[in-house]
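Protein chains get the first letters and strands the later ones, always in sequence-line order, with residue 1 at the start of each. When reading the values below, keep in mind they use all heavy atoms of this one structure, side chains included, and skip hydrogens, waters and symmetry mates.
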Amino acid sequence: MSENKPASELTGESKTPTNFIHSIIEEDIRNGKNDGRVHTRFPPEPNGYLHIGHAKSICLNFGTALKYNGKCNLRFDDTNPVKEDVEYVDSIRYDVHWLGFDWEGREFYASDYFPQIYQFAENLILKGKAYVCDLSAEQIAEQKGTPTRPGQESPFRNRSVEENLDLFRRMKAGEFAEGSRVLRAKIDMTSPNMHMRDPLLYRIIHTEHHRTGNQWCIYPMYDFAHGQSDSIEGITHSICTLEFEVHRPLYDWCIRELEIFAPQQIEFARLNMTYTVMSKRKLLELVKNNFVSGWDDPRMPTISGLRRRGFTPGSLRNFSDLVGVAKRENVIDVGLLEFCVREDLNKTANRVMGVINPVKLIITNFPEGQVEEMNAVNNPEDPEAGTRKVNFTRELYIERDDFMEDPPSKFFRLAPGREVRLKYAYIIKCESVVKDPVTGEITEIHCTHDPETLSGRANSNRKVKGTLHWVSAQFALQAEIRLYDRLFLSESPEDVPEGEDYKTNLNPDSLKVIKGYVESSVAGTQALDKFQFERLGYFCTDTDSKPDHLVFNRTVALKDSWAKAKN
RNA sequence: UGACCUAUGGUGUAACUGGCAACACGUCUGAUUCUGGAUCAGAAGAGUCUAGGUUCGACCCCUAGUAGGUCAACCA
């Protein structure tokens with residue numbers, strides 16, 4: 001549980017720059033609040049897959065606990081059986097764990113607290129602070145008013161405690177139809193805060209719950225379950241996103257009226273990223289309409305998608321640290337995410353040679369049938385990674401982009417009459433090219449090599465402008481390469497003219513599947529293995545990959561200053 | 001025509017809570033390199049939304065604006 005650091009070093013050390021939440025916590029500790037105890041929680045609703053925004057929240061909550069020697073629970077906010085499913089519970093547990101965090105057995109469910117929460121509701125009724133309302137959903141909405149106009153009181157608002165208790169118990173007993181009655185808090189229909197206008201506490205839902213089955217037919221609303229769950233678990237700092245800011249008065253009201261342990265809710269701004277959408281609804285839509293292959297499509301900003309794309313837990317944790325925590329709206333440059341994977345993979349991914357857009361290269365003065373084993377370094381950033389042998393033969397493949405017939409002056413690669421080094425092998429000189437007579441496309445590049453320039457030899461260090469990667473035409477393995485690009489063309493996909501929606505910004509070329517070659521050393525690769533294809537980028541073995549049909553996903557390309565120079 | 005929140009280089013966050021703005025990404029130079037990667041050295045780029053005020057002194061405090069966001073689901 002540590003691979004590649006951050007989330008504040010996964011230890012208690014405070015290396016991270018301070019954020020306002022940590023400032024609050026530190027002051028609470030100074031003041032001896034909660035006896036200096038720090039207890040957070042990550043509270044997903046199991047109704048979808050987690051995305052990078054959740055990753056930030058996970059890192060914040062678990063990271064905060066780690067930093068202050070506290071605890072962090074994993075709690076499922078499962079109060080709406082019609083939307084939730086165990087499939088999501090499982091994926092969430094897997095993702096949190098994969099990210100590198102451990103809830104140490106403190107896996108809780110709001111549904112575990114249903115009996116307790118039900119009791120809370122009765123207590124409120126007994127105090128005259130809650131009532132059963134028979135109005136329809138439409139009527140309640142109507143009487144709620146608007147943010148600028150006060151609401152009206154329900155005709156059922158002043159029922160007696162006895163009647164309320166009786167009705168509520170019968171709701172629980174299943175005597176009433178779905179939607180016929182609800183339990184509401186009695187607060188203030190004229191409050192400028194809509195959430196304080198007699199909010200719903202309980203509603204009737206005759207749907208089987210993924211954990212409690214048919215035990216209940218009334219379910220607490222978020223506002224009557226979340227804070228209560230926090231309280232029951234002794235959560236000291238209940239960290240959530242900004243849209244819950246307006247819920248805080250209600251959160252506090254419930255805690256106060258119930259006279260139970262009071263956690264402190266603190267809100268921060270959710271993560272937004274360029275070239276992507278982040279709402280569960282939109283992500284679900286992309287999946288449902290097959291714009292992507294599933295929740296774990298490597299183009300998705302989901303944790304499962306990023307994992308399949310080749311991201312490492314450490315890179316995501318580091319990203320979460322770098323984006324910071326604050327209350328202002330923000331849009332993070334997706335380039336920062338890419339920086340984080342590159343930084344991580346540069347240090348950990350073994351190098352391998354692969355040719356993505358092949359053109360044949362023939363070394364005319366290299367004996368036919370001869371095989372020479374070249375020594376290759378697995379990772380120049382990590383001596384421990386060792387070396388390997390790569391077969392060199394007369395016929396090779398190199399990258400089509402590495403050759404130009406009529407190159408500009410800034411082009412350092414192969415061209416007629418020019419010399420380059422083949423990595424780990426020889427310096428070669430281009431003598432001629434063979435073209436397809438009809439298309440004019442180059443089919444073969446003919447070169448000669450200088451045997452004295454074999455890598456590692458004493459006099460091999462002649463200066464050449466460029467070094468190319470290559471694979472042996474005879475030994476290379478064919479592979480399917482999936483080149484991913486951003487899913488959306490626009491930096492802000494939701495920014496669209498009237499009448500259109502974010503889907504018009506979908507990038508039609510976000511996935512290109514091509515055939516390429518990789519050196520034979522990768523033969524036994526397993527799903528999610530990570531490599532750097534030299535000079536190209538970081539790739540990982542896809543879950544679809546089989547020994548006789550290798551599939552690699554491009555996680556991210558290497559920085560390419562030549563591409564930039566070309567414009 | 002309400003309430004609440006926010007406002008610092010292109011982006012994201014800092015600034016010991018009053019002492020003339022720092023870090024990261026990005027950008028641009030140069031060095032180095034058997035990855036046009038990495039690494040190393042350096043540069044440009046904001047005077048902190050606006051207008052007042054308090055103060056010897058304000059990004060930090062006050063007032064009024066402006067701009068953006070959130071809130072009217074028997075969702076969370």
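A:Val325 comes within 4.0 angstrom of sugar-phosphate atoms only, judged by non-hydrogen atoms across all strands, and of no base. Counting any heavy atom pair closer than 4.0 Å across all strands shown, A:Leu336 reaches sugar-phosphate atoms only and no base atom. When heavy atoms are screened at a 4.0 angstrom cut-off, A:Phe244 is found touching base atoms of the nucleic acid. Within 4.0 Å of A:Arg197, counting heavy atoms only, lies no atom of the nucleic acid at all. A:Lys465 comes within 4.0 angstrom of no nucleic acid atom, judged by non-hydrogen atoms across all strands. Contacts of A:Val323 with the nucleic acid, taken as non-hydrogen atoms under 4.0 Å apart, involve only primed sugar atoms and P, OP1 or OP2. Within the nucleic acid shown, A:Arg181 has no heavy atom closer than 4.0 Å to any nucleic acid atom. Residue A:Glu381 is in base contact, counting any heavy-atom pair closer than 4.0 Å across all strands shown. Within 4.0 Å (heavy atoms only), A:Asn346 reaches at least one base atom of the nucleic acid. Looking at heavy-atom distances under 4.0 Å, A:Glu267 makes no contact with the nucleic acid at all. Residue contacts shown for A:Pro44 are absent, as no nucleic acid heavy atom lies under 4.0 Å away. Residue-level contact check: A:Tyr424 touches the bases, meaning some heavy atom is under 4.0 Å from a base atom. A:Phe412 comes within 4.0 angstrom of a base, heavy atoms only. Among the atoms of the strands shown, none is found under 4.0 Å from any heavy atom of A:Gly48.
In the set B:A76, B:A15, B:A3, the nucleotide with an atom closest to the side chain of A:Glu84 is B:A76. Nearest to the side chain of A:Ile140, among B:A76, B:G2, B:C74, sits B:C74. Side chain of A:Thr148, nearest nucleotide from B:U35, B:A76, B:U1: B:U1. Listed candidates were B:A76, B:C74, B:G37. Nearest to the side chain of A:Leu200 is B:C74. Checked against B:U35, B:C74, B:U27, the side chain of A:Lys564 finds its nearest nucleotide in B:U27. Considering only side-chain atoms of A:Lys327, the nucleotide from B:C75, B:G36, B:C5 that sits closest is B:C5. Comparing atom distances between the A:Ala326 side chain and each of B:G37, B:U13, B:G36 picks out B:U13 as nearest. Set against B:A73, B:G36, B:U11, the side chain of A:Lys83 has B:A73 as its closest nucleotide. Residue A:Arg203 places its side chain closer to B:C74 than to any other of B:U35, B:G37, B:C74.
When both pairing distances are held under 3.5 Å, B:U29 makes a Watson-Crick or G-U pair with B:A41. Remark: B:A67 base-pairs with B:U6. Criterion, Watson-Crick or G-U wobble with two distances under 3.5 Å. Shown here, B:C61 forms a base pair with B:G53; the pair counts as Watson-Crick or G-U wobble because both key distances fall under 3.5 Å.
The aromatic ring centres of A:Phe76 and A:Tyr88 sit 6.0 Å or more apart. Not less than 6.0 angstrom separates the ring centroid of A:Phe531 from the ring centroid of A:Phe539.
Between A:Tyr222 and B:A76, no base-stacking contact is recorded for ring centres under 5.5 Å apart and planes less than 30° from parallel.
Side-chain N/O atoms of A:Arg535 include one lying less than 4.0 angstrom from OP1 or OP2 on B:G36. For the OP1/OP2 pair of B:A38 and a distance below 4.0 Å, the side-chain nitrogens and oxygens of A:Lys559 include at least one atom meeting the criterion.
For the pair A:Arg211 and A:Tyr109, the cation-pi test (distance below 6.0 Å, angle within 45°) is passed. At least one test fails for A:Lys530 against the ring of A:Tyr538: distance under 6.0 Å to the centre or angle within 45° of the axis. A cation-pi contact, defined as under 6.0 Å to the ring centre and within 45° of the axis, links A:Lys172 to A:Trp216. Relative to the six-membered ring of A:Tyr131, A:Arg184 misses at least one condition, a distance below 6.0 Å or an angle of at most 45° to the axis.
A distance of about 47 Å separates the C1' atoms of B:G68 and B:U32, rounded to the whole Å. Remark: the separation of the C1' atoms in B:U8 and B:C4 is 23 Å, to the nearest Å. Annotation: B:G53 and B:C59 have their P atoms spaced 15 Å apart (nearest Å).
When side chains are defined from C-beta on, A:Tyr113 counts as touching A:Phe108, because their heavy atoms get closer than 4.5 Å. Counting heavy atoms from C-beta on, the side chains of A:Glu84 and A:Glu45 come closer than 4.5 Å.
For the pair A:Arg351 and A:Val246, nearest-nucleotide mapping onto RNA chain B gives the more 5' position to A:Arg351. Summary of the strand contacts: A:Ser136 and A:Phe20 both lie near RNA chain B, and taking for each the nucleotide with the nearest heavy atom, the more 5' one is attributed to A:Phe20.
Computed from coordinates, the A:Asn272 CG to B:G69 P distance equals 12 Å when rounded to whole Å. The distance from atom CD of A:Glu245 to atom P of B:C71 is 11 Å, rounded to the nearest whole Å.
On a pure distance criterion of 3.5 Å, a polar donor-acceptor pair joins the side chain of A:Gln532 and the base of B:U35. At a cut-off of 3.5 angstrom, the base of B:U1 holds no donor-acceptor pair with the side chain of A:Arg149. For B:A3, the base has no donor-acceptor partner in the side chain of A:His195 [N/O atoms by modelled type, under 3.5 angstrom]. The base of B:U8 sits with one of its N or O atoms less than 3.5 Å from a complementary donor or acceptor on the side chain of A:Arg328. Judged by atom type and distance alone, A:Glu338 does not reach the base of B:G26 through any side-chain donor-acceptor pair under 3.5 Å.
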